[in-house]
Protein chains: 2
Amino acid sequence: MGLNARKQQVLEAIVESHIKTAEPVSSRSIARKYRLGVSSATIRNEMADLEELGLIEQPHTSAGRIPSQPGYRYYVDRLLKKSDLSSRDEKLVRTIFAQKARVLANMVQRTIKTVTKLTDCLVLLSGPQLENAALRQIKTVPLLPGKALVVIVTVTGWVESKVIDLPSSVTAEDLTHIENVLNTYFRGLTFQQISRTILNNVYDELIKQRKAIDRIMEIVEAVLQDDSDEAIYLGGTQNILKQPEYSDIDEVRNLMGLIEEESTLRSILLDTHPHAVTVRIGREIKCDLASNYSVVTAVYNIGGYAVGAFGLLGPIRMDYARAMAVVEYITKVLSEVLSGDTL
Amino acid sequence: MGLNARKQQVLEAIVESHIKTAEPVSSRSIARKYRLGVSSATIRNEMADLEELGLIEQPHTSAGRIPSQPGYRYYVDRLLKKSDLSSRDEKLVRTIFAQKARVLANMVQRTIKTVTKLTDCLVLLSGPQLENAALRQIKTVPLLPGKALVVIVTVTGWVESKVIDLPSSVTAEDLTHIENVLNTYFRGLTFQQISRTILNNVYDELIKQRKAIDRIMEIVEAVLQDDSDEAIYLGGTQNILKQPEYSDIDEVRNLMGLIEEESTLRSILLDTHPHAVTVRIGREIKCDLASNYSVVTAVYNIGGYAVGAFGLLGPIRMDYARAMAVVEYITKVLSEVLSGDTL
DNA sequence: TTTAGCACTCAGTTGATAGGAGTGCTAATC
DNA sequence: GATTAGCACTCCTATCAACTGAGTGCTAAA
């Protein structure tokens, strides 16, 4: 869809004005506020063309124009000027990771809370899955018969702990032995590598102790298969309610319904291009409940392996430039911090 | 305020009808639905008296009556018939604690999620604070220089773990030593007792190792003073939005503002009678933001010591009988489970 | 003391009207 | 040929009056 320069300017003006005010944009207001050097009548003519192309639409005859979903798509693809976060905002983000104790659960909470201050969107975060984190050490702590705590420390200093159930036949000595084996063979490897490696290397070595291996596998699996890791964390509900589109109670209810549907949020968040900030607008999100929203998402990684996704969800009339800047910066910093490049 | 029997019946009818329908109640509908054996005119006379007493009020001249805040108070104190949970509901609550791993954080989440299904209120939960839990064992796990994991297991099998920072001068051997001391002297005591006991018993014993004592105190304090324990957990936002009072967008915003104010929620939750289910109605809650809500709260305990509070927040027109039954049952079960009486 | 009956009040709805914002089209201008 | 001024037209929004109906309060009778 090749638009001449002036049509692009008009479309850009309409999108940006509507993002700012949430109101339909009139030809006259464009002529006044954006110095295109032509009269409102000329802009009206261009608007008629843009409407024919399906990029803008009229809520009713005597109203101004608002961008259509394809209009926003055109804007995001070709008109939007990428912006960076201000250094003040970047500093704010850095404070998320200033705290010394590197506990994943805390970091997730702090990330969401902080981003909430940076945008008016709903903040979504999945993971991080530790599968691709390299192991520094595993500690096991026998608690009660049949119960032990497994503590995982990654090479980059992140701590995660889980209580697991064991066959009650496993003694404290077994556990110590298992811990030793795990640390000896697996230090520096990722969990993913462990599952592959174990069969080759360790199995032969410990063939005499079949039972111990079974236990080891149970532990590794218990740690990896914890469903709670797959939870979607979210915040900023209050934020998004400030947007004028949610002064209608039905919109609010729809939004709350969406928030409740964790599986939907998950599929939205995971439908993300692996190497770039992804923008999905309205019906581009393959989900009926969400066809009135847009999402900006990106994955973050540990040592180059995707381990989670981060995203912002807002009305279609959201500030895409800012949302993209936030998502890009957050996922960059998350990746750095989890991979240990900084700090 | 002594009301004759019929006035009480009329007040009860008004409160219960209004709780059910959220609409003003007319004399005629009472005459029809509640078999009082008198005509609507007689009920109108009684209503006039009740209004003069300030127990009911009229939104406008040609509307029915709704209970006033003192009217609800009278109802809760003298008219409300206490009810128990159905055995189906009780069974549902028991499933919260069916999971084997006794991890406090998980239990908190599950409790909230479950109660969300039992009422239309906002579910609030604080704690549990471990101060009054008796200690089975403490494990320390050195992680990195200056960082250790402290794992606490209570006598009743609950597990809580924290990453703490230590002076980097503390070695792994120090830590093991500290762990031994802690376990030797403190097993079976509550954290509260520990803080009192340590000065008397242990200090003399370990006088040669002043430094170690300081470390111990640091650990004990680090564990106790973790702010995250004082967080208020909440759920059921979607529930409460279904209530007809929240079809007004400003009401929704006010509610969201209240939810955001964690310190307010905390003070509401902690203003609870220590030995009974507490009901606070509207302005009885000492908080302007909350004067349009009612709360039903109660504390739960470990071995008789209060360790946290549980409550339901809803519109003043809430189902008090059910809310009280839920709060009473949940706190009873929480206390049992945490104290180890069952399971 | 209770009740039937009726006048009265007032919120909510409907319908008509006026005002205003914005467009689309036409004819004049550059 | 592109641009623009001007004007008729559309349709949303606000306002006001009239109407409706639910519910009350009061009075007089049972």
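Note on naming: letters A, B, ... go to the chains in the order of the sequence lines (proteins, then strands), and numbering restarts at 1 for each one.
The side chain of A:Arg65 places an N or O atom within less than 4.0 Å of a non-bridging phosphate oxygen (OP1 or OP2) of C:dG24.
Between the CZ atom of A:Arg44 and the P atom of D:dA2 there is a distance of 18 Å, given to the nearest Å. Protein atom CD of A:Glu51 is 11 Å distant from nucleotide atom P of C:dC25, rounded to whole Å. Between A:Gln58 atom CD and D:dC12 atom P there is a gap of 11 Å when expressed in whole angstrom units. Straight-line distance from the CZ atom of A:Arg28 to the P atom of C:dT23: 11 Å, rounded to whole Å. Put simply, CG on B:Leu36 is 16 Å from C1' on C:dT1, counting in whole angstrom units. The separation between A:Leu50 atom CG and C:dT23 atom P is 13 Å, rounded to whole Å. Atom CZ in B:Arg32 sits roughly 8 Å away from atom P in D:dG23 (whole-Å rounding). We find that CD of B:Glu57 is positioned 16 Å from C1' of D:dT24, with the value rounded to whole Å.
When heavy atoms are screened at a 4.0 angstrom cut-off, B:Ser40 is found touching no nucleic acid atom at all.
Put simply, the side chain of A:Ser62 and the base of D:dC11 share a donor and an acceptor less than 3.5 Å apart.
Shown for residues 17-24 of chain A: no residue has heavy atoms falling under 4.0 angstrom of DNA chain D.
Interatomic distance, A:Leu313 CG to A:Thr297 OG1, rounded to the nearest 0.5 Å: 10.0 Å.
In this structure, the side chain of B:Tyr293 does not engage the main chain of B:Leu289 through any donor-acceptor pair within 3.5 Å. Panel note: side chain B:Gln243, backbone B:Tyr246; no donor-acceptor pair is recorded below 3.5 Å.
Partner of A:Val10 under the side chain to side chain contact (heavy atoms under 4.5 Å, CB included) criterion, out of A:Thr42, A:Ile56, A:Leu50, A:Asn4: A:Leu50 alone.
In B:Asp288, the CG atom is not crowded: 12 or fewer heavy atoms of neighbouring residues, nucleotides or ligands sit closer than 6.0 Å. Remark: B:Arg253 CZ is packed, more than 12 non-hydrogen atoms of other residues, nucleotides or ligands lying under 6.0 Å away.
Of the two residues near DNA chain C, A:Thr61 and B:Arg6, the one whose nearest nucleotide lies more 5' is B:Arg6. Toward the 5' end of DNA chain C, the nearer of the two residues B:His60 and B:Asn45, judged by each one's closest nucleotide, is B:Asn45.
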**OP:** Take B:Arg322 and B:Asp120 through the salt bridge (Lys or Arg N to Asp or Glu O under 4.0 Å) test and state the conclusion after the steps.
**Re:** CA-CA 10 Å; B:Arg322 174 148 188 95; B:Asp120 288 334; over 6 Å; no
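With distances taken from any side-chain atom of B:Val38 to the nucleotides D:dA5, D:dT3, C:dT3, the minimum falls on C:dT3.
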